[in-house]
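Small disclaimer: the values here were computed from a predicted structure and weren't measured. A, B, ... follow the sequence lines: proteins, then strands. Residue 1 opens every chain.
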Amino acid sequence: MHFLKTAWLMSRLQMRSLVLSRRLLICVLLASAPIAIAWFAGGHQHATDIVPFIGMFLVLQVVAPLISLTVGSSVVTEELENRTITYIFTRPTDRAAFFLGRLASSTVVSTILVTISSAGVIWAATYPQAGQANFKRERIRRGAHEMVEIVRDLPEGLATGLIAASVVAAIMYTLISAGLGVFFRRAMILSLVYTFAIEGFLANIPGSTQKLSVQFYLRSFLTDVHEMSASILSEIPMLTGTTLYTAPEALTRLAAAYSVFLLISALGIRTRQYMMTS
Amino acid sequence: MSEPVISIRNLVKCYGKIRALDGFDLDIPSGPVGLLGPNGSGKTTLLKLLLGLLVPTEGEATVLGFRPTQRRDRLSVRTVVGYMPEGDCILPGMSAIELVSTLARITGLRTEDAMTRAHEVLDYVQLDEERYRPTDGYSTGMKQRLKLAQALAHDPQLLLLDEPTNGLDPKGRRQMLDLVEDLGRTQGKNILLCSHLLQDVERTCDHVVVLNEGGVVEQGKVSELTAAKGALLLVEVEGESARFIEQLQAAGLQTSEGTEGGLRIQWPDADPDADRVFELAQQAGVAITQLRQQRSSLEDVFLRAVGVVPHATSDTDASPSHGDSDDLLGKQP
Amino acid sequence: MKPIIKATGLGRWYGEVIGLNDLNVEILPGITGLVGPNGAGKSTFMKLLVGEMRPSSGSLEVLGHTPFANQELYRQLGFCPQQDALYDHMTGLQFVTHCMRLANLNHTDAKAMATRALQRVHLENAMNRPVSGYSKGMRQRTKLAQAFAHTPKLIIADEPLTGLDPVARHQVLDLYRELGDSGTSLIISSHVLHEVQSLTPRIVLIHRGRLLAQGPVEDVRQLLSRHPRKVHLRAREPRALARALLELPHVHSATLEEATGDLHIETRDIRAFHSDLPALASRTRSGIESLESSDASLDAVFDYLVG
Amino acid sequence: MRASTHTEIYRPFTGTLREHPRRWVTIGVSSAKQGFKRKLPALLLFTPVAIGCVIACFRVYFRFQLLSGDLVNINSPGAAGITLMVTETLGDVVSNIFTYTQGMAFFSLMIVAWYGAGLIAEDRRLGANLLYFSRPISRLDYLLGKGAGAAFFGFLALTLPCLLVCSVATFTSPEWSFIVEEWASILKVILFSSIWVGTVTVLVLTISSLVGRKSHALIGIIGAIVLSSGVSTVLAHLFNENSFSLLNLFQNFERLGEWMFDRWNPDRKVTITQTAAALGGLWTLCLFILAVRVRKMEVVA
């Protein structure tokens, strides 16, 4: 019971410090970039071209990891760098509760932001008057209603696939950077290196090593439901030689990896000694 | 007294609504001077104004003939003033010798002079072989001495020292105070020393200025401010003090409990006769371990000046104003 | 009395750097001052005490528990860390309340306790403002408030007086005295030795990662028999007094400082000196004006031991 | 000789201060010196630069050798055709330099970023601004000094190799023809590379002044470059319009070079005025931020 209460307190603390932080501002800017691009592109190209293109290359490969890393790396590292972690670790609380609580808040924040980003891309790309500067105000207000209509017109499953993939991406990458923060001081740089150097490398060379990257599974969500994005993927020469999973398969595997990494991190934080160099 | 080193006329500095300095006049004499005041009393603002880092809202200050409050002298005043800031400050990646010589050259020394000078001041602060090592690994004591060395690099006539003993262990503190004392008393430098440790100021300075809430509340010579008030003897005894007290009272002396322990003996006339006390002690069979004329300490002077009753031991009788005496925002009009 | 802290062969390394080496110490309830030069291992010892680190060798018991991440211990422990770090987006009251809630109190109790603690450190006027606007002294006092708000059995404070102005120093020292009087045990590290001494006679002195001395300062001074005790006297007729004093068997030397007229005496037996002095003074009537023996202070003991 | 002792502990300084010390030079030199202390990153960053420079020099050298007929007898039939072909492939001096600067734009950026990222950020973190501004330096001196320190390494990576290529051309060209006929392009090369180095330096210093650590500044610089070029590429791709490439620093640089060396591609929809305006806008923004931040650093001192 106390464990849950601590976790709740910790998640509230994290939520408050996140909401007021400069990090979140950067994340919001990051999240809005693809939406803005999709909006401007909306007038020039058809939504079925824009959504997979921006969704795949910008949202899933760049924006989702960046937002999740920025938010997730604050879970342990921020307290450690500010050296406020002492106040929590010298209280009768379970350290794992600290980690889980803060991770929960971060995950919620990053998921919301990434989902907004990908949903925004769909909305902006499909909005009838997108890309035109002289739109009228009332049209915007009616936009949400119309969007539902237009999303229905999109090829089947494209919207759900992209949103599902971005939710999963946010959850995964947040844990990765938070978990790295448990074990290493420079979590932010390490997770940047991991996602963009290691994973970018693994995901874009042919062969079964792709299965070691999160990106690979995210692609499964898109191709499984939508032929259009599958055709985009097949245009990338590096991706030949591997077959993607179906969405449920991908989800199970990711869930398994997630639980293992979560367990390792939770155990790690209970046993690791944190040096606060003064 | 000779020409004042620093003279200040009606200096006002406002940050928005807050008046950090509240328009005071002040003449600081030559020699080592202590600048005291609670946190947020305007000490730091004053130092920044004297260095020409801030522009005052009103008023004028003169430092050794320069006017740091004027645009013209804003930079040149810093050639005659050495500043030792509070907190850890180092130039990243440099060794001590590089740091001091670089800063000396920035001040305007020629390259060859700067190198010689850097070695001399580092000798003075006793940074020996360490001077060739990067400063990142220095201990607090070494960093503090390095900071003093860089302030001395251009042989300034006035030194502004901000908390030079902060964070030092007893040995480091003694070394630092020895240096400050030598600079002020033997080398004849003008020093303005800010410190929260009143013992440091008492030891190294001849003169003190107490700031509070942006104004000067007390200034004068340390010896005069702490001069003995009346004939009061403070005695510490070992053994049966009850009998001793009885005997003292029988001899017509008033006694009371001292604030820091011990026994206060009030003498009827100005010149106390301690031999008499020893005589009575011998009769009472007690040993005397400590005997001195009561002087007020600098702490008493300080606490009185900033409006706190000295030795207010319980929380309740402390005056309400000092609850946030170090509270900058609490001074809004 | 049962010791609150018991360290046996305690050691801690950071790679090849030694932090603490074979430390054996028992600390009894009450106020204890932890002193030592920079880098002596004080901070390491504190970190081991509050369970931020595990020892590399030996064992450590605090209130009967091994400290590392031990929830049982943290119920009875308050820690005031050295670093000037607080959650800047919170108000003082929110911060202390938050700490109390982590100690498993419900919101109402936590808030009441936090308010009381903040009042005791004189922050009642500032406690509803964000911590980011606090001065250094106010931050120190906030840290202190969170350490004692839940009435722990033991409070550990690492350099709690740094950055405080004399007024706040005075108040905080008084608060420590009160806490000590009310039966809380305190372990306080500080570099300003006379302040430690004004709080407590009992010290633990660590140097180069080893225990150098422990116990009441006066007793420690007695053990340092190879340094004769020094006494400073000022008298109307110092020469006559010096001559008389040198006849005492335990007086080692007498030096007269020409410039000030101060008389410095070295004696092997300070007790005998003190008890002989009244007789001698009243016999010679040399007009003693002051008598001080400064080298029994913690400062002096520290100097003799650490050098 | 008269006996004397010199046991004084503190020696007063008897010299005089310079009348007009160039204080920013001191800061620049000391910043550059700090950069030289770390050997490994220097080795890694300067290796591609050195390789590129050697290749360019060799091509220029080979070309003039061919033209002068030392290697192949021009008079022999057939050889003339081959010589012409090879020299055409090797390109003239200016185009070699131009190719080099384009290839090294990214590396020179990384070099300036590596050496410049910490210059202001670390100063603030370690409180060095307190020490600097207690000296008689103005904010401009400070900025110039820091800028000079970072730009020095950009100069090493870009301007110096270009000058090397020019000097190789000068010495190998027959009868000093290169320096006689094309002296103006040497000046252009210097100007062009200085513009790039200056722009990059200002950008790096600005980001450095906004964050508190060197690593954050590096992340910020890389992020800013990657994001701006990514976004401009995506936009340009989606709209088939080149004006979005104004957002891309590298492409602006390329266009500026094309204009200066008379290689303007008529297909470009962007005019040189627009490019200049984009670069000018960047400078203005950066200098404004720097002015505000350094002012704050002085007062917080």
Side-chain angles (χ1 to χ4, degrees), chain B residues 47-48 51-55 74-94 98-99 101-114 116-117 120-121 123-124 134-136 147 150-156 160 162 179 182-183 186-189, chain D residues 6 8-38 115 117-142 145 149 213-214 295-301:
Chain B
L47 289 189
K48 283 183 193 169
L51 277 168
L53 294 169
L54 282 177
V55 181
R74 205 174 75 87
L75 297 180
S76 51
V77 69
R78 300 182 205 161
T79 53
V80 292
V81 179
Y83 176 51
M84 175 179 172
E86 195 190 352
D88 288 350
C89 319
I90 52 171
L91 306 189
M94 290 192 190
E98 276 179 293
L99 188 146
S101 64
T102 306
L103 288 173
R105 262 182 297 150
I106 292 176
T107 315
L109 271 72
R110 286 176 184 77
T111 312
E112 57 280 8
D113 283 347
T116 325
R117 188 71 196 149
E120 275 175 12
V121 289
D123 284 338
Y124 179 65
T135 44
D136 313 276
K147 266 160 51 187
Q150 65 80 24
L152 286 169
H154 50 296
D155 196 23
L160 304 180
D162 200 352
L179 289 172
D182 180 61
L183 283 170
T186 321
Q187 313 300 339
K189 294 265 172 239
Chain D
H6 297 275
E8 70 271 29
I9 317 167
Y10 182 82
R11 295 181 180 216
F13 173 59
T14 46
T16 49
L17 300 183
R18 280 171 201 254
E19 283 288 311
H20 299 288
R22 285 184 305 279
R23 302 193 159 95
W24 64 273
V25 176
T26 310
I27 300 182
V29 169
S30 84
S31 309
K33 261 192 193 164
Q34 298 321 306
F36 278 118
K37 282 191 179 165
R38 302 273 297 275
Y115 289 105
L119 283 184
I120 297 183
E122 293 289 293
D123 269 6
R124 272 196 317 151
R125 185 170 72 88
L126 298 168
N129 53 334
L130 291 163
L131 298 182
Y132 280 123
F133 286 113
S134 63
R135 309 278 153 185
I137 60 164
S138 61
R139 296 190 286 269
L140 185 67
D141 275 332
Y142 177 75
R213 269 167 193 282
K214 182 182 176 181
R295 190 188 175 83
K296 203 177 161 195
M297 277 171 79
E298 187 186 21
V299 175
V300 170

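- By the 4.5 Å heavy-atom criterion applied to side chains, B:Leu152 and D:Phe13 are not counted as neighbours.
- Annotation: the span from D:Arg23 atom CZ to B:Thr107 atom OG1 amounts to 7.0 Å, rounded to 0.5 Å.
- Going from atom CZ of D:Phe133 over to atom CG of B:Leu53 covers 8.5 Å, rounded to the nearest 0.5 Å.
- If you measure heavy-atom distances from D:Pro136 to chain B, the contacts under 4.5 Å come from both the backbone and the side chain.
- Chain B forms more heavy-atom pairs under 4.5 Å with one residue of D:Arg38, D:Lys37, D:Glu122 than with any other, namely D:Lys37.
- Interatomic distance, OG of D:Ser134 versus CG of B:Leu160, reported as 9.0 Å (0.5 Å rounding).
- Remark: the backbone N or O of B:Arg78 is not paired with any side-chain donor or acceptor of D:Arg135 at under 3.5 angstrom.
- Nearest heavy-atom pair, B:Pro92 versus D:Leu126, reported as atom, atom and distance to 0.1 Å: CB-CD1, 3.5 Å.
- With contacts defined as side-chain heavy-atom distances shorter than 4.5 Å, the pair B:Ile106/D:Tyr142 does not qualify.
- In terms of heavy-atom pairs under 4.5 angstrom with chain D, the leader among B:Gly108, B:Ala151, B:Pro134 is B:Gly108.
- The CG atom of D:Asp141 sits 8.0 Å away from atom CG of B:Leu75, with the distance rounded to the nearest 0.5 Å.
- For the set B:Arg74, B:Arg117, B:Glu120, the count of heavy-atom pairs under 4.5 angstrom toward chain D peaks at B:Arg117.
- Contacts of D:Lys33 with chain B are made by side-chain atoms alone, with heavy-atom separations under 4.5 Å and no backbone atom involved.
- Only the backbone of B:Glu86 comes within less than 4.5 Å of a heavy atom of chain D; no side-chain atom from C-beta onward does.
- Both the backbone and the side chain of B:Gln150 come within contact range of chain D, each with at least one heavy atom under 4.5 Å from a heavy atom of that chain.
- Considering only heavy-atom pairs separated by less than 4.5 Å from chain D, the leading option among B:Asp113, B:Leu109, B:Thr102 is B:Leu109.
- B:Ser101 does not touch chain D: none of its heavy atoms, backbone or side chain, sits under 4.5 Å away.
- Between B:Leu54 and D:Val299, some side-chain heavy-atom pair lies under the 4.5 Å cut-off.
- The contact between B:Pro85 and chain D is made entirely by side chain atoms (from C-beta outward), counting heavy-atom distances below 4.5 Å.
- Atom CE of B:Met84 and atom CG of D:Leu131 lie 10.5 Å apart (nearest 0.5 Å).
- With a 4.5 angstrom heavy-atom cutoff, B:Arg110 touches chain D via backbone and side-chain atoms both.
- Smallest separation of non-hydrogen atoms from B:Tyr83 and D:Leu130: CD2-O, 4.4 Å.
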